[in-house]
Number of protein chains: 4
Amino acid sequence: MDGRSRRREDTRQRLYEAAVELIAEQGFSATTVDDIALRAKVAKGTVYYNFKSKTDLFEELLRHGVGLLTAEFRAAVADLPPREAVRALIRAQLEFIKRYQAFAQLLLSEMWRTNREWQQTLVLLRAEAIGVIAETVQAGVDSGDLPADLDVRVASSALFGVGLVVAVDWLVFQPDRPIEDVEESLLAIVRRVA
Amino acid sequence: MDGRSRRREDTRQRLYEAAVELIAEQGFSATTVDDIALRAKVAKGTVYYNFKSKTDLFEELLRHGVGLLTAEFRAAVADLPPREAVRALIRAQLEFIKRYQAFAQLLLSEMWRTNREWQQTLVLLRAEAIGVIAETVQAGVDSGDLPADLDVRVASSALFGVGLVVAVDWLVFQPDRPIEDVEESLLAIVRRVA
Amino acid sequence: MDGRSRRREDTRQRLYEAAVELIAEQGFSATTVDDIALRAKVAKGTVYYNFKSKTDLFEELLRHGVGLLTAEFRAAVADLPPREAVRALIRAQLEFIKRYQAFAQLLLSEMWRTNREWQQTLVLLRAEAIGVIAETVQAGVDSGDLPADLDVRVASSALFGVGLVVAVDWLVFQPDRPIEDVEESLLAIVRRVA
Amino acid sequence: MDGRSRRREDTRQRLYEAAVELIAEQGFSATTVDDIALRAKVAKGTVYYNFKSKTDLFEELLRHGVGLLTAEFRAAVADLPPREAVRALIRAQLEFIKRYQAFAQLLLSEMWRTNREWQQTLVLLRAEAIGVIAETVQAGVDSGDLPADLDVRVASSALFGVGLVVAVDWLVFQPDRPIEDVEESLLAIVRRVA
DNA sequence: AATGAATGAGATTTCATTCAT
DNA sequence: AATGAATGAAATCTCATTCAT
């Protein structure tokens with residue numbers, strides 16, 4: 001790597017991981033830079049050597065995480081036919097949430113808040129992720145596979161939210177339940193579009 | 001004056017209202033006691049005359065709010081037959097969320113966090129509210145109105161979560177959409193149990 | 001009683017007692033008006049109905065307590081011959097401290113501090129109490145019963161301080177030891193003037 | 001840098017010195033952290049960077065100070081014969097008090113209070129310091145240099161208290177009197193054990 | 001590239017005092 | 001004569017940020 005050394009990139013990664021876990025558990029404001037440095041096993045000054053500010057770290061974190069999710073959404077739909085594509089999106093979301101549990105928890109907690117500094121960032125990122133869903137649903141409506149009266153924006157938004165809340169509820173309150181069960185529940189719930 | 005004077009009870013009510021709005025927007029930690037006192041139009045000391053701490057105010061707020069919701073759930077089901085009762089619960093939840101929008105937002109943000117001081121309180125309160133749903137669903141399963149293979153706990157939990165996220169999403173991102181639409185979406189989504 | 005009703009005088013007495021105990025244990029600043037009201041079983045406002053301020057309550061308390069001590073000193077010496085008079089003073093001090101333990105503790109803690117609001121009051125009261133001792137010692141020197149080279153002021157001051165510290169040490173750290181023992185220790189200690 | 005950097009250790013020392021003077025004059029509760037920081041010429045936050053709390057600073061201060069006193073006691077007795085050893089202890093106490101006047105004043109004010117957070121700490125520290133005196137007195141009793149009927153614990157306790165109160169009385173009310181006078185008064189007072 | 005001591009603005013909390021009843 | 005809710009100034013404590021090393 002050039003520009004940013006490998007060592008530095010490693011430090012940033014450790015900071016991301018520490019921050020995402022702590023913010024998932026406690027929220028952004030309740031998580032201190034000391035906490036983050038401690039969990040990442042670096043000195044406090046190192047946080048500021050790598051990020052402009054605590055908020056900056058968090059925004060980069062959001063971008064990083066939602067970027068991953070959107071990429072997986074895109075990969076999931078590939079060229080599948082509409083209904084299968086929707087099912088693939090749900091599966092992808094579930095798998096993402098399972099893998100990045102803390103990030104999902106954090107999204108659920110922050111996504112419907114208003115009046116926070118990173119609000120704008122989050123709204124944009126949300127639009128990106130939901131955009132992929134919307135494209136897929138729209139394709140289904142166009143092809144006649146999904147009901148013509150479906151409000152695409154509303155349905156996509158709901159799909160995303162329902163997936164998030166059901167999956168996180170699962171991870172937090174019934175972690176022993178197998179993922180297939182959860183996927184089934186989700187599919188049952190969203191039958192109309194999947 | 002019955003135990004607590006009317007004046008005092010009025011002050012507490014004002015503090016609840018101020019706190020719930022601010023915390024919904026910004027979260028618990030980002031909301032200052034100064035903000036709360038200012039919005040409630042009392043002196044800062046008054047907050048501490050009425051509540052042991054900021055956390056205590058928040059916990060009592062949660063108890064107060066979830067208490068109201070649970071009461072409305074109980075009133076809604078009355079003696080209705082199972083499927084109607086479930087529909088009534090959904091309607092009650094929607095109406096509650098519409099009426100106490102800020103409280104709903106706050107619940108959505110805090111309910112799936114772990115590691116916060118009021119976690120235990122919240123888990124208990126959640127169990128109470130979901131309990132009413134579970135009783136209704138169970139009655140439906142027992143009477144044969146709902147599928148026998150339905151996992152009651154899981155379904156009730158999902159019903160609650162989905163209602164919350166869809167309604168808050170509506171209020172935050174599509175406030176102009178009529179409530180009937182939202183109710184319909186919700187019913188469509190949860191067709192299996194309603 | 002006229003001017004001040006019996007009820008009011010009773011309330012003031014209860015406040016004195018509550019205050020003296022708490023201040024002995026914790027010191028003046030660490031004792032709150034709430035504490036005092038609670039222990040005296042009156043409402044907080046009542047403290048201010050009876051005393052101008054917390055400091056005022058404390059100063060009146062000091063005056064009241066040292067007044068009692070000085071009176072007992074005067075009663076003790078009566079017309080006794082010098083050395084007996086000194087012994088009588090020591091006994092009187094011990095008995096006073098035993099009876100008003102909390103007050104003695106409080107005196108020991110506050111008497112050698114500087115820079116407190118009531119400093120002046122306390123210095124005056126101390127001078128009064130030590131004055132009685134000094135008169136007695138002076139009489140002994142004059143009559144030849146006590147050594148002519150004795151520095152009266154210094155000796156009286158030491159007599160008072162030593163009595164206070166030994167007696168309070170006894171009450172706090174060896175409360176089971178009989179008072180006669182303590183008296184004996186004290187007499188042994190101050191043999192030169194008694 | 002050994003464990004704690006030199007800079008940090010210097011800051012802590014400055015904070016000790018500032019705190020001891022202020023607390024001697026005004027007492028613990030009446031001394032603010034602002035006062036301490038101001039006198040130590042550091043920012044308020046620095047106090048909390050170095051000590052968990054105001055109480056923690058005070059407890060460490062007590063430990064530090066009594067540690068010094070105990071060390072000087074041990075150095076003073078060396079291998080002297082009993083009565084000389086007792087005299088050496090008295091001289092050591094006087095010199096310590098003269099040198100660390102503020103600390104002595106503070107001890108006198110806090111040592112016989114009950115119900116303060118640091119009570120336990122102080123009782124332990126007191127036992128340590130008095131322990132050295134008691135060893136010396138015990139040796140004197142064992143060797144026949146001191147009266148066989150002397151209650152060692154009581155005598156040591158009294159010795160310590162009397163030394164403290166007489167020396168502080170001297171520093172506060174008669175600072176011009178030469179130390180030799182004070183030492184002589186003390187020796188006269190405690191003739192039985194010295 | 002990283003460190004950790006120090007900072008100071010701003011948060012939470014306390015508490016003597018006031019005041020309407 | 002007493003009460004207790006309310007106040008606001010001042011206390012304790014926290015924490016994002018800076019900076020010298």
Side-chain angles (χ1 to χ4, degrees), chain A residues 4-12 29-37 42-57, chain B residues 1 4-12 29-37 41-57, chain C residues 4-12 29-37 42-57, chain D residues 1 4-12 29-37 41-57:
Chain A
R4 264 179 194 155
S5 77
R6 207 162 297 135
R7 182 177 174 202
R8 189 165 178 197
E9 213 48 61
D10 175 63
T11 302
R12 288 174 68 92
S29 302
T31 298
T32 68
V33 176
D34 268 299
D35 288 344
I36 297 172
V42 298
K44 182 151 55 160
T46 304
V47 178
Y48 286 87
Y49 184 72
N50 283 281
F51 298 92
K52 274 210 318 287
S53 66
K54 185 186 163 190
T55 301
D56 180 55
L57 162 55
Chain B
M1 267 167 279
R4 262 177 196 148
S5 75
R6 206 158 295 138
R7 184 177 178 204
R8 191 168 181 192
E9 214 50 64
D10 176 62
T11 301
R12 288 172 69 94
S29 302
T31 298
T32 70
V33 175
D34 268 298
D35 290 344
I36 296 172
K41 289 184 180 140
V42 298
K44 195 177 358 186
T46 303
V47 177
Y48 288 90
Y49 183 73
N50 282 282
F51 298 93
K52 275 207 313 287
S53 65
K54 187 184 160 190
T55 300
D56 180 55
L57 161 56
Chain C
R4 265 178 193 154
S5 76
R6 207 161 296 137
R7 181 176 174 203
R8 189 164 178 200
E9 213 49 60
D10 175 63
T11 302
R12 288 173 68 93
S29 301
T31 298
T32 70
V33 176
D34 268 299
D35 289 344
I36 296 172
V42 299
K44 181 150 57 160
T46 304
V47 178
Y48 286 87
Y49 183 74
N50 283 281
F51 297 91
K52 273 212 317 286
S53 67
K54 184 184 162 190
T55 300
D56 180 55
L57 162 55
Chain D
M1 267 167 279
R4 261 178 196 148
S5 76
R6 208 158 292 136
R7 184 176 177 206
R8 193 169 178 192
E9 213 50 63
D10 176 62
T11 302
R12 289 172 70 94
S29 301
T31 298
T32 71
V33 175
D34 268 298
D35 290 345
I36 297 173
K41 287 182 181 143
V42 299
K44 192 175 5 182
T46 303
V47 177
Y48 287 92
Y49 183 73
N50 282 281
F51 298 93
K52 276 208 313 287
S53 65
K54 186 184 160 189
T55 300
D56 181 55
L57 161 57

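Below, chains carry the letters A, B, ... as their sequence lines are ordered, and counting in each starts from 1. Note that these values count all heavy atoms, side chains included, but never hydrogens, waters or copies made by symmetry.
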Among the candidates [options], find the nucleotide nearest to the side-chain atoms of [X].
{"X": "A:Tyr48", "options": "E:dT18, E:dT7, F:dT18", "answer": "F:dT18"}
{"X": "A:Thr46", "options": "F:dA2, E:dA5, E:dA2", "answer": "E:dA2"}
{"X": "C:Ser53", "options": "E:dT17, F:dA6, F:dT7", "answer": "E:dT17"}
{"X": "C:Arg8", "options": "E:dA1, F:dA5, F:dA1", "answer": "F:dA1"}
{"X": "B:Tyr49", "options": "E:dT18, F:dA2, F:dA6", "answer": "F:dA6"}
{"X": "A:Ala43", "options": "E:dT12, F:dA16, E:dT3", "answer": "E:dT3"}
{"X": "C:Thr32", "options": "E:dA5, E:dA16, F:dG4", "answer": "E:dA16"}

Have a look at [X] and say if it touches a base, only the backbone sugar-phosphate, or nothing, with a 4.0 Å heavy-atom cut-off.
{"X": "C:Lys54", "answer": "sugar-phosphate"}
{"X": "B:Thr55", "answer": "nothing"}
{"X": "A:Thr31", "answer": "sugar-phosphate"}
{"X": "D:Val47", "answer": "nothing"}
{"X": "D:Asn50", "answer": "sugar-phosphate"}

The answer to which of B:Lys41 and D:Gly45 contacts DNA chain F further toward the 5' end, by nearest nucleotide, is B:Lys41
Sorted by position of nearest nucleotide on DNA chain F, 5' first, the leading residue of D:Val33 and C:Val42 is C:Val42
Worksheet item: Hey, is the side chain of A:Lys44 pairing donor to acceptor with the base of F:dT17 inside 3.5 Å?
Response: yes
The residue, B:Arg7 or D:Arg7, whose nearest nucleotide of DNA chain E is more 5′ is D:Arg7
With both distances under 3.5 angstrom, what nucleotide forms a Watson-Crick or G-U wobble pair with [N]?
{"N": "E:dT12", "value": "F:dA11"}
{"N": "F:dA16", "value": "E:dT7"}
{"N": "E:dT21", "value": "F:dA2"}

**Study point:** Test item: side-chain donor near acceptor, A:Asp35 and A:Thr32, under 3.5 Å
**Key:** yes
Inset, instruction - Could you tell me whether the phosphate oxygens of F:dA1, OP1 or OP2, come under 4.0 Å of any side-chain nitrogen or oxygen in C:Ser5? - result: yes
